[in-house]
Amino acid sequence: MLIRKHPSVMIFLALLAVFTIAVTLMSEAYGSGVVPTSTVKTLGKTLCLALAAVAMDLVWGYAGILSLGHMAFFALGGYMIGMWLMYARTGEIVAATLANAPIPPTAEELRQGITSQIFGVVGSADLPLTWSFAGSLPMQLLLVLAVPGLLAFLFGWLAFRSRVNGVYLSILTQAMTLALSLWLFQNDNGFRGNNGLSGLQNIPGLTEVPQSVISIWFLWASALLLAGGYLLATWLTAGKFGSVIRAIRDDETRVRFLGYPVEGYKLTVFTISAMICAAAGALYYPQAGIINPAELAPIASVYLAVWVAIGGRGRLYGAVIGAMVVSLLSSWFTGGRAPALDLGFYRVEWVNWWQVLLGLGFVAVTLFAPRGLSSLMDALAGLRPPRRLGADLGPDVSALREKEAEA
Amino acid sequence: MRHLLLSLLLLAAPAFAQDLASVLDANRAQIERPSRQTIAPVIEALAAAGPQAGPVLEAWADRRLGLAGDRFVIVQGDGAVDAVTGTPVPGDVQVLRPNSGVRGVIGAVLVQFQLNDPETTRRAAALDAIARRPDETHLAALRAAAADPDPALAARKARLERLLTIRFDPDPQARIAAIEGFSGDTGADLQAVLNPLLATSRIAAPAIPESANIAAELTLGDDIPEDEAYHLLVASDLAPARLASDAQKQALAAHVVDGAVGGVPVAELSDPARRDAAYDALAEAGLVPPAATAAEAEAALAAHRFADVYTEPNPEITDAARRALRAMALRQGTQQAADLALDALSLASIYFLAAIGLAITFGVMGVINMAHGEFIMMGAYTGYVVQTLIAGRTLSLVVALPAAFIVTFLAGVVLYRLVIRHLVKRPLETLLATFGVSIALQQIAKNIFGTQARPLTAPAWLEGSVGFGEIVSISTIRVAIFVLALLFLGLFLWIMKRTRLGLEVRAVTQYPGMAASMGINPDRIAMLTFGLGSGIAGIAGVAIGLFAKVTSELGSDYIVQSFMTVVVGGVGNIWGTLAGAALIGFLQKGIEVMNPANTLAAQTWMILLIIIFIQFRPRGIMPTRGRAAEA
Amino acid sequence: MTALLEVSGVTKSFDGFRAINDLSFNIGTAELRAVIGPNGAGKTTFMDIVTGKTRPDRGQVLWGERSQSLLKLSEAQIARAGIGRKFQRPTVFEDQSVADNLTMALKAPRGPFAVLRWKPSRASVARVAELAGEVGLADRLTRKAGELSHGQKQWLEIGMLLAQEPRLLLVDEPAAGMTLAEREQTTTLLRRLAETRAVVVVEHDMDFVRRLNCKVTVLHQGSVLAEGSLDHVSANPDVIDVYLGR
């Protein structure tokens with residue numbers, strides 16, 4: 001039903017599947033080994049970022065809420081899964097060390113050992129309350145969605161209730177992520193301060209499996225999650241719900257007079273999108289291996305918006321394209337692999353100038369292609385005559401008609 | 001009369017000298033091998049031998065007094081002089097080495113000499129020495145010393161005497177009187193004397209002794225955790241030590257027999273209850289000492305009382321000290337509050353300077369300029385460049401301010417012409433486009449100036465600080481920034497209220513369409529206001545650069561606070577911006593006081609408070625009012 | 001006839017300017033009423049207050065048989081209670097199709113989760129088609145609303161109002177920007193609607209009000225100056241003085 005109405009979904013899923021299979025066949029673990037493991041990881045992470053961009057597009061492109069704090073949810077998701085990864089992994093190590101002792105350790109001693117391993121670096125001896133469930137994977141998986149969801153719900157409830165709109169709202173979301181990152185930076189809050197959580201690429205119980213295999217598994221998981229998130233987002237935006245949130249984006253007051261509780265809708269979209277972001281983050285950080293509060297810096301969230309804008313907001317595939325193109329280009333340029341440009345009087349080292357290019361490119365996209373890269377798709381679609389479904393141009397003159405006839 | 005006295009003294013001097021020589025001779029054996037118990041009369045006799053005895057005692061205490069043959073000599077550098085006559089003495093010197101007890105006795109006597117020394121500097125040095133390491137004997141010395149002719153030293157001496165009275169006087173009433181005599185004083189020396197009086201130690205006893213000066217009786221669980229209480233009991237030998245889990249583990253490990261301990265298989269020992277069972281089994285077999293059980297520990301805890309007890313036994317004195325300290329804390333608190341208010345004021349001025357440009361552009365065009373922070377940075381770098389070109393600090397600052405204004409004004413105009421003008425009525429896209437500009441500018445600055453911080457040095461007359469009283473002081477730069485903020489407030493009000501440009505800006509802000517139909521070019525006005533706002537950001541950059549390091553991230557450090565200032569203050573109203581800056585400045589400082597160790601927490605809380613504040617005033621402290629505002 | 005909407009003693013000032021001053025107003029369950037008045041008489045503020053956009057400083061607004069106060073409700077709740085509003089400028093969602101616009105307006109549960117579960121049924125599709133036919137947009141269901149002409153947008157908005165099935169319809173200057181034929185059509189529609197529900201028309205155009213042929217309320221400086229048939233109020237010397245005479 002969904003796919004029949006939106007053929008682009010089918011195309012997207014097919015492309016995603018082809019991409020995943022192709023990478024698998026070229027990987028070190030399951031294929032020719034053309035693609036090194038680090039690249040597989042980068043690609044897997046990029047898929048997660050693409051999902052975050054889809055979530056961003058949902059709130060911004062569809063509901064018109066420019067959130068400059070979405071990476072906070074992404075990172076929170078990462079923190080939640082990171083807590084389990086680190087706890088369980090440290091648990092394995094501690095258990096292995098204590099196993100040599102003549103007397104088997106008690107649960108309490110195990111906990112003590114894990115705590116001192118994890119929190120010794122910030123000078124704490126007690127397991128913080130926030131880590132109460134760190135030993136349980138199901139609980140932490142639940143928290144991956146629950147914590148960012150709850151935060152988004154509370155924040156959204158406060159902000160939307162007082163009808164904070166537009167740039168005000170954007171700045172508030174930015175303040176939220178800044179506050180959260182500053183909070184996480186503190187050593188005594190139980191998230192290891194600026195050390196963050198590390199060693200996340202070591203999956204507990206899978207120590208024997210080489211990273212090259214794990215990276216492919218994560219690539220699959222990321223692709224699956226992206227597909228799922230994409231379908232969810234399509235379902236949300238396709239029906240009447242999507243109609244209402246787009247209407248809210250265009251004219252909030254009018255929607256209110258139609259009797260729709262605008263705040264409730266915004267809150268729903270904001271919270272769902274935060275949870276999608278969190279899920280993406282929970283898959284991203286095990287591939288990145290480390291998470292620290294710098295990931296929540298306001299600038300990261302703005303980059304997310306940049307990806308969506310460059311890809312084309314208001315279209316889910318636009319968000320995916322934007323995130324993948326920009327983040328892959330970014331890692332290509334900053335990785336030092338891009339050839340330097342020799343201008344005769346000055347040598348442009350892309351490591352130094354990529355940010356400038358990105359910034360200015362972004363300005364150019366905003367100015368000249370408000371629909372971003374997806375306007376390329378429109379241009380392609382425009383080559384075909386418009387589907388007028390049998391209706392004539394009619395005698396009435398109206399704004400969009402002429403443009404349509406030209407196409 | 002005076003001459004007469006002097007000559008008398010001179011005449012008397014040889015007589016004293018005679019005495020000194022005879023005293024030295026008479027006590028030769030004692031001086032050569034002094035003992036702490038018996039030396040006191042000798043030292044007193046020496047002290048009575050007149051002013052010349054001072055250097056001798058001093059040298060003795062310093063281990064510079066020696067014997068050359070049978071003459072007492074004082075070692076000076078490489079040579080030695082006769083202790084009595086002061087004439088150089090050749091030959092080998094055998095230096096006397098009195099032990100520390102003896103030197104203490106000598107020192108106490110010496111103080112008297114030094115306090116009565118005719119030279120002011122030496123008397124001052126003596127007072128310093130006493131203040132540094134006061135002890136009981138000094139009190140008597142201070143009291144015995146003659147009145148000091150120098151009024152400042154006399155006052156110091158009197159103060160020192162009273163401080164020592166508090167510490168060492170045997171009469172409690174005298175001590176209390178001394179404490180109360182200090183009312184109104186906040187000196188650190190007084191605090192250093194009072195605080196030890198209130199030192200407590202934690203005791204545990206079956207019953208608290210009547211004689212104890214109790215600071216607080218501790219309730220188990222509330223004031224003192226049970227673990228700590230039990231440790232106290234153990235430390236006071238009132239209860240047997242509980243079995244630590246490590247000790248238990250070692251004991252168990254030592255008695256593993258055939259994969260089991262006390263009949264319990266080792267594999268089961270990961271359960272604490274099984275461990276206890278195994279240990280009990282071992283204890284029954286007499287292999288390990290029995291451990292105190294939980295019930296015994298509980299009983300022991302119940303049978304004892306716990307209290308914090310003052311080391312100072314006299315409750316009247318501790319009461320007086322407490323009162324004095326409390327009064328002192330109150331006075332200090334007020335002063336600190338004043339200091340804090342000044343700090344907050346200067347912080348608010350900075351935020352105001354940083355936000356005013358943002359507020360102007362937001363108010364007039366509804367546009368948030370994310371590159372505003374980079375304009376601040378640009379201003380700071382302009383200041384730095386000017387400083388490298390012009391040597392004179394004052395001159396370079398005078399040039400830098402307008403230069404920064406011009407540079408950022410132009411940058412603002414360019415940004416407006418190239419970007420913002422094309423995004424009219426699309427505030428969110430403007431926000432993002434200017435963000436693009438912001439990252440580009442930041443990276444360009446990094447490429448040009450490098451990542452290390454560049455100094456922007458203030459002229460000499462801006463260094464240092466202006467102080468009021470002991471605690472309240474504020475650096476001159478911050479005062480200057482405050483003045484600058486006031487200046488800009490005035491300038492802004494003047495432009496808005498008194499000039500044609502201001503009139504047109506106000507018109508465009510309120511009703512662009514109408515303004516346009518009256519012949520005002522809204523585009524031009526918007527461009528000028530944008531330039532003006534950016535220019536002010538540049539000046540703010542110079543000001544901030546004077547006390548912070550100039551880096552490419554300078555702007556982003558201030559941008560969020562600037563946004564907050566605008567949001568909290570309300571749009572399109574300079575007084576709102578002022579109020580917002582004041583609120584945020586004071587809030588931030590205020591929270592820092594509650595949690596002084598943690599500025600990160602302060603910022604976190606501030607942002608949270610602002611988010612909550614927005615709940616109650618969604619349009620800021622001073623919102624634009626009227627029907628249009630509700631639309 | 002019991003009153004559907006009862007406004008009594010309502011006052012609202014903006015920065016000291018009294019836009020509404022001790023206004024009282026009643027309308028029955030099935031009644032057509034025209035509200036006229038010069039600029040600044042408080043017509044728009046009156047509608048803002050009824051629809052919950054503006055909160056009055058004083059006074060009461062009671063709704064329906066149970067005399068429920070509207071002052072505590074949000075705009076959306078008031079709309080769901082059965083008050084529909086048509087704005088002066090046509091406000092339709094230009095980015096969406098005519099069908100989507102109408103579907104959104106259809107009377108149905110409005111909560112986010114109910115809407116998520118909502119699926120178009122045969123009945124809803126038929127109802128949308130019927131409404132489109134009623135406002136003359138039957139052949140434009142799949143077109144984006146932005147492609148419609150000004151007049152068509154007006155009609156679409158009226159169609160959306162009908163889809164809401166309100167008990168009280170507030171219409172702000174419906175005739176503005178309409179051709180003569182469209183005005184005729186509008187008049188007929190409004191009169192027909194008023195047979196089953198209350199309709200309040202705020203209008204400048206006296207000619208249009210005359211065609212409506214209904215009770216007229218004249219507002220002046222935020223309060224009711226006169227009420228009655230058009231002929232009756234036209235004869236009122238006060239009305240002539242402040243409005244018609246000029």
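What you see below is based on every heavy atom in this structure, not just the backbone, and it leaves out hydrogens, waters and symmetry mates. Every chain is numbered from 1, with letters handed out A, B, ... down the list of sequences.
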Margin query: Determine whether B:L432 and A:L66 satisfy the following criterion, side-chain contact (heavy atoms from CB on, under 4.5 Å), listing intermediate values before the conclusion.
Written below: CA-CA 10 Å; B:L432 285 175; A:L66 175 52; 4.1 Å; yes
Between [atom1] of [X] and [atom2] of [Y], what distance do you get to the nearest 0.5 Å?
X	Y	atom1	atom2	result
A:L360	B:L418	CG	CG	10.5 Å
B:E429	A:L367	CD	CG	9.5 Å
A:W183	B:W605	CH2	CH2	9.5 Å

Check: Which heavy atom of A:G359 sits nearest a heavy atom of B:A440, and at what distance?
Finding: CA-CB, 4.3 Å
Item checked: Nearest non-hydrogen partners of B:L428 and A:S170, listed with the distance -> CD2-OG, 3.6 Å
Quick one: what part of [X] sits under 4.5 Å from any heavy atom of chain B, side chain, backbone, both or neither?
X	result
A:L68	side chain
A:W354	neither
A:A364	neither
A:V164	side chain
A:R161	side chain
A:A107	backbone
A:E109	side chain

Notebook entry, point to check: Is the number of heavy atoms from other residues, nucleotides or ligands within 6.0 Å of NE2 (B:H231) greater than 12?
Noted result: no
Check: Is the number of heavy atoms from other residues, nucleotides or ligands under 6.0 Å of B:F449 CZ greater than 12?
Finding: yes
Do [X] and [Y] have side chains that get closer than 4.5 Å, going by heavy atoms?
X	Y	result
B:I439	A:I299	yes
A:T366	B:T430	no
A:Q355	B:I444	no
B:F563	A:L178	no
A:L358	B:Q443	no

Next item on the list: Output yes when a side-chain donor or acceptor of A:N352 lies under 3.5 Å from a complementary backbone atom of B:N447, and no otherwise.
Entry: no
Using non-hydrogen atoms only, which part of [X] is less than 4.5 Å away from chain A: side chain, backbone, both, or neither?
X	answer
B:R274	neither
B:M606	neither
B:L431	side chain

Notebook entry, point to check: Do the ring planes of B:F435 and A:Y303 sit parallel (below 30°), tilted (30 to 60°) or perpendicular (above 60°)?
Noted result: perpendicular
Checklist line | Best-contacting candidate, B:V256, B:L441, B:I368, against chain A by heavy atom pairs under 4.5 angstrom | finding: B:I368
Next item on the list: Could you tell me which of A:A159, A:G64, A:A179 has the largest number of non-hydrogen atom pairs under 4.5 Å with chain B?
Entry: A:A179
